[in-house]
Each structure stands twice: as structure tokens, then as C-alpha cells.
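Everything below concerns the one structure shown next.
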Amino acid sequence: MSQPLRDDDSDLMKEVISLCKQRGFVFPSSEIYGGLKSCYDYGPLGVELKRNIMNEWWRAMVHQREDIVGLDASIIMHPRVWEASGHLAGFADPLVDCLISKERFRADNAPRPAVGDALPLSCSDKAQAKAYQAAIAEKYGIELRREGRILHGLKVIDETTVGFFPDGSEEAKTEFPFRGYVSPTLGCPFLSDERMFNLMFRSSLGSIDPLDEMARALDGKALAAAEIRGILEQKMRETAIYLRPETAQAMFVQFANILQAMALKIPFGIAQMGKSFRNEITVEHYTFRSCEFEQMEMEYFVEPGKQKEALEYWKQERLDWYLRYAKEKSKFRLRRHEAQELAHYADDCYDIEYEYPWGWGELEGVASRTDYDLRKHSEHSGVRLTYFDQDAIDPETGKKGRHYFPYVIEPAAGATRTTLMYLLDAFEYDSPRPDAQGREKRRRVLKLHPRLAPYKVAVLPLVKRDGMPEQAREIVQEFFRSGVHAKYDEQHQIGKRYSRHDEVGTPYCLTVDGQTLEDRTVTIRYRDTTEQERIKIDEALHVVKKRLEEA
RNA sequence: GCGGGUGUAGCUUAGUGGUAAAGCCCCAGCCUUCCAAGCUGGUCACGAGGGUUCGAUUCCCUCCACCCGCUCCA
């Protein structure tokens, strides 16, 4: 029986991060220069794992069905793509810091008290209330009345003014500018300026440095900061391009080409995997949230009205896909978005979530995107991005033949997240058991699904003599030729080699021993049970392939 | 970005105002015929930059990175 790591999962992340670095799965990016925030590199084993995961996705989404085709679009697209999609405007969130409590929040989601409302500041406890009371007195010269953990005295006068009303007073003693909202936790109107955090990476296309243009535009002018910003923004825009914040848009932008080239009939899908980039406000949890990440997205186009059943289908299909390779099935769930949680383009959405060591977090969003994207791109480009269905009845004319914007169901998965998730899922310490010397040892093993494992098979001479290495090399060559990723290993004693392969998740070990030289048989050892069987050399490749196929 | 914590070898840890110890790993050799054995030898570290000091890994400052919250969402 396996047991969870220690008492809880709190050290699981540490263990996995450490293993990843030790055994070549994931390294901090640019580490010799001190690392770079949230950037990680996939090492020799990590790249295999991530690739295997992405290949499995591609296989399930594209190769194993007839209604989905692939795309590999340029990461840099026309800037107008992002105007049309709403990312240029909508992807910039106005963020504000509360000057008293220091909490950071989105201005558009903050509570908006009405004119005439009192603004009690609710602190977490008495001590905090006292501290905030003092801070406000010092900064703004007003003495709020404290009642337990609440501070009283502020009131909204009109849309742009709050006042300090000492006890019993009808007249505001002091007035302050009011933004129309307060900080969510404290309820405080003393706020920093709104700052836009554009989540897209901006660069410029073209070999001419836009800085020269900017310098010329500003030369000799005495301007205020806002005016300078306006000019710079203008000059920047002329050559600005953006790194895509999602792979999805290319599939809408290429909708007409793909439809035409492939003669597709609705319902059909377009799938794409690749890098995306977002200037996250905060990065966290190792590779879980980073500015550069990899996605596996598919846009599934359906007739308007059929989106609900397609959503039902895809949310289940995608959950099943994760479960197919997972060890702990109970750590997955579907969670439907609340109405106010939905993005502006969505009419419904499910998240596929995994219970990470820090709690439930998203792996994939399966969103019902309506016809928003195709409609927008059609408006902005002037190109008709509708589908003509000759059998459908046009609801307006009642006749056969209908042009419409297809509705879209989008399963959007995080490939980097999925990679982290399967590492966490596979990581395990076996129960302690005595080793050959009778000492208690716990086996550290990555119980990755065989098709995800970096090495499929290790080929090992039992000892480094008597022709065993030669025989083993012959066997491993056969695997190389057939494209099954194999590893020849002759260092250290056999037990150590087994456990090293357990640690990186190699599901099968083939061992050449004395008997091999007599009857051309080898032992095959299974990672999860450590049990062994004897098989013929000539069957080894077939046996491994079959196991991989059936796993 | 703000608040709190952390930073010594590939990994896990010890330690000191006089340039550092161990276990595991790794490398070479001996030994070894199935689950991290043993023996011998070896490589490798005080996150970066300033300051205080005769002297800093240790004290101070700044930066960088990581972890935990606020926020985000693939």
C-alpha cells in the first residue's frame, strides 16, 4: 500500500521541486544569473514528460477523431486581432491599492457605496483598528471614532467627495476626493491611483528602434506627464505587436481558411498547442502560474442552440482524459462558474480542477464562448466568418439554407499545469521496507502513466562483464530503432539502478543476466510492484510496446 | 506592487567576525550475479552588489530569486 507523504501534503511540493531539479525535469531559468521571476526550463526528462502529455492530448483531440483538425499559428499576430478579441482593452485591469490596509484589488469589482452612505471601516481586530486609526490621523489629520474593530466618521457626500463627520456633527469637518468605490475588505476610500496592468507582452515589429521616433516626437517640448504618455503611446502603437495571451484567437482568425481548405461540416473543431504569454500580476506555485506558459486549446464550432449539449459533452470528455492518466481520481472535479464569474464572452463555463497541495486549482476551463469571437473578428476585419448550412432551416425565412455564426465550445487546457499536476499525482513514497542489508528504506517512486513516462524502458546488464553489457546494448539498439525511448545503464549495482529508474518513473526494466547468455531470455521488472518475469529477448520489444498500448 | 518568511555543494542540512562540516548524489578504481551494500580516492557551496571592519558566509543596506497571504485564472 502506498501512503500519503508524511502527515499531509504540505511538503509534497518541496519534494517534487527538489526531485525535478535533481533528476533533470525542471530547472530555474537562467539560474547562473540568479534566475528570472517565474521562468522555468524543462530539462532532459521534463521535456519528455511534457511532450508525452501534449502528444497524448493531440492524439485524443485530433488523431483519434474525424471532426477536429490541427493548427500551429504564429505567436505574433496582427495587433488588430487583439483589438477585436477585446484583449487590448479588456485585458488591462485597473488595479488599486488601499493606502491604509495595503490590500490590492480590481477597481471594477470594488464595492460602490451610494451617496449619503456612512463608510465604517471594518478592521480584522481591535489592534489593527487602533493602528489604522493612528495611521489615518497622521496622514489625513482626522480622528475617527473607534468602536471595537470598527472605525466611524466617514460618509459619502456626493459622487466625488467623502467627508469626515465628527460625532453628532451634520457638517463635514474635512472633505476628501472620492473615487466612487472603497477597498473591499476594509471599506476605505483612501486609495492609490488606478493603475492599468496590461497583461499582454508588448514588443515592436520592425528593425527600427521606436525609441528614436519617440525622442524626435518629444524633442524640445515641455509637456506634462499625461501628455508625454499620450505621445509615447501613440508612437508605440505604430509598431506595436503583442505576444499572444492565448492560442485561441488564431483558430478564429483562420476559421474561414480552414473551413475552406478542409471542407469541414459543422460540428467541427480546430486544435492548437503552444506557448502563450501573460504579464501576471503575481506568479505563484512553481510552474503553476507563470508569465510564459503552454496551452492546449480547441475551439469546437456548433450550430447556435446546440452549445449546451456540446458543453456537456466536452466537459465530461476532458475530465475523462485527465483521469485516464491519473493515479488519484478523487483529486479531480468539475466546477461550474457562477454567473458573475463568467468572462464577457461566455454564457457558461466549467473548470476542471485538481486538488493541488495548496488547494483546488484550475487545470482547464471548458467555456461556452457563444459566437462572440467570430462575430467580433468579422466586424473588425470585414470578412464574413459565417458558416453556410444548406440543410438547416433559416429561422427568419423558414426556407432551407442558413448562414450563421457558429457557437463555440472551448476546452482550454494548461499544458504546463498538467505537467506539474501529473508529477504531483505520480510522486509517492512506498511504505518502508527492509533493504538487502535489513535497513528500513522508503522507495521514492514516480508512478507516471507508462505513456507519460520519460523513459519507457531501461536496459541493464546485471553486472559489467561476461558479455552482458554487449548483449544489453544490442537490445537497447532495437528499442532505439523502433522509436521507443529507452535508456542503457550499467553504472552502480543493479538495485541502485532500479531505484534510480523508479524515481524518474521508468515503468519497465529489462535485465540481462547469466541466464540470458544461455537461453536468450531477460527479466522484465515492473516499476509499481517491483516484480519480475522472464521473457524472450526476441519478444521484449513487442511486450513493452503492447504494454504501452494497453496501459 | 504590499505585508510576512527564506537563501551555505546537484539534493537535504550543520556552523562561524579569522574564507566552512556532514549525509545522500555524482566521478574514478576495487569488489559485487537482482532491488539505493562495502572499501579507496576525487569534484563541487556561503544568491548578487555595496557598506562597517585589519578581516564578513556571519553585522548593516540595496537588489535578485523562492515560499505564504491579497490579486489573477491555462
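Numbers restart at 1 for each chain; the letters A, B, ... are given by sequence-line order, proteins then strands. Predicted model, so just to flag it, every value in this text is computed and none were measured.
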Looking at every strand, decide which applies to [X] at a 4.0 Å heavy-atom threshold: base, sugar-phosphate, or nothing.
{"X": "A:Leu363", "result": "sugar-phosphate"}
{"X": "A:Thr523", "result": "base"}
{"X": "A:Met468", "result": "base"}
{"X": "A:Gly514", "result": "base"}
{"X": "A:Gln515", "result": "nothing"}
{"X": "A:Glu280", "result": "base"}
{"X": "A:Glu503", "result": "base"}
{"X": "A:Phe27", "result": "nothing"}
{"X": "A:Ser38", "result": "sugar-phosphate"}
{"X": "A:Arg497", "result": "nothing"}
{"X": "A:Ser18", "result": "sugar-phosphate"}

Protein-nucleotide distance ([X], atom [atom1]; [N], atom [atom2]), rounded to Å:
{"X": "A:Asp466", "N": "B:C34", "atom1": "CG", "atom2": "P", "result": "13 Å"}
{"X": "A:Glu15", "N": "B:C66", "atom1": "CD", "atom2": "C1'", "result": "17 Å"}
{"X": "A:Glu533", "N": "B:C35", "atom1": "CD", "atom2": "P", "result": "18 Å"}
{"X": "A:Lys21", "N": "B:A65", "atom1": "NZ", "atom2": "C1'", "result": "12 Å"}
{"X": "A:Gln249", "N": "B:A74", "atom1": "CD", "atom2": "C1'", "result": "15 Å"}
{"X": "A:Asp502", "N": "B:A36", "atom1": "CG", "atom2": "C1'", "result": "10 Å"}
{"X": "A:Glu297", "N": "B:A74", "atom1": "CD", "atom2": "C1'", "result": "7 Å"}
{"X": "A:Leu36", "N": "B:C66", "atom1": "CG", "atom2": "P", "result": "8 Å"}

For the base of B:C35, is there a side-chain donor-acceptor partner from A:Arg525 under 3.5 Å away? yes

Indicate, yes or no, whether a donor-acceptor pair under 3.5 Å links the base of B:C66 to the side chain of A:Tyr286. no

[N] pairs with which nucleotide, Watson-Crick or G-U wobble, both distances below 3.5 Å?
{"N": "B:C44", "result": "none"}
{"N": "B:U19", "result": "none"}
{"N": "B:A37", "result": "none"}
{"N": "B:C25", "result": "none"}
{"N": "B:C59", "result": "B:G51"}
{"N": "B:C66", "result": "B:G5"}

Residue [X], side-chain atoms from C-beta onward, closest of [options]:
{"X": "A:Ile494", "options": "B:C34, B:C72, B:A74", "value": "B:C34"}
{"X": "A:His285", "options": "B:G69, B:A65, B:U33", "value": "B:G69"}
{"X": "A:Thr530", "options": "B:A65, B:A36, B:C35", "value": "B:C35"}
{"X": "A:Ser499", "options": "B:A36, B:C35, B:C67", "value": "B:A36"}

Look at atom CZ of A:Arg51 and say whether more than 12 heavy atoms of other residues, nucleotides or ligands are closer to it than 6.0 Å. no

Do the two ring centres, one from [X] and one from [Y], sit under 6.0 Å apart?
{"X": "A:Tyr40", "Y": "A:Phe27", "value": "no"}
{"X": "A:Phe293", "Y": "A:Phe277", "value": "no"}
{"X": "A:Trp314", "Y": "A:Tyr300", "value": "yes"}

Quote, to the nearest angstrom, the [atom1] distance that separates [N] from [M].
{"N": "B:A21", "M": "B:U57", "atom1": "P", "answer": "16 Å"}
{"N": "B:C44", "M": "B:G10", "atom1": "P", "answer": "11 Å"}
{"N": "B:U13", "M": "B:C54", "atom1": "C1'", "answer": "33 Å"}
{"N": "B:C39", "M": "B:A22", "atom1": "P", "answer": "15 Å"}
{"N": "B:C30", "M": "B:G23", "atom1": "C1'", "answer": "23 Å"}

Mutual orientation of the aromatic rings belonging to A:Tyr345 and A:Tyr372 [parallel < 30°, tilted 30-60°, perpendicular > 60°]: tilted

Could you check whether the rings of A:Phe190 and A:Tyr140 sit parallel, tilted or perpendicular, using 30° and 60° as the cut-offs? parallel

Ignoring hydrogens and angles, tell me if any N or O in the side chain of A:Ser38 forms a donor-acceptor pair with the backbone of A:Cys291 under 3.5 Å. yes

Hey, which sits more toward the 5' end of RNA chain B by its nearest nucleotide, A:Gly35 or A:Asp351? A:Gly35

Sorted by position of nearest nucleotide on RNA chain B, 5' first, the leading residue of A:Cys39 and A:Glu246 is A:Cys39

Identify whether a stacking contact exists between A:Tyr498 and B:A36, where the ring centres must be under 5.5 Å apart and the planes under 30° apart. no

Taking protein heavy atoms under 4.0 Å as touching, what does nucleotides 25-31 of chain B look like 5' to 3' if B marks base contact, S marks sugar-phosphate-only contact and - marks none? SSSS---

Just N and O in the side chain of A:Arg278: are any of them under 4.0 Å from OP1 or OP2 of B:A74? yes

For residues A:Ile75 and A:Lys275, determine if any side-chain heavy atom of one lies less than 4.5 Å from a side-chain heavy atom of the other. yes

Do A:Gln295 and A:Ser276 pair up side chain to side chain, a donor and an acceptor below 3.5 Å, judged on atom types alone? yes

Please name all residues satisfying side chain to side chain donor-acceptor pair (under 3.5 Å) with A:Asp519, sequence neighbours left out, ordered by chain then number. A:Gln515, A:Thr521

Compute both the distance and the angle, then confirm whether A:Arg417 meets the cation-pi test with A:Phe288: under 6.0 Å from the six-membered ring centre, within 45 degrees of the axis. yes

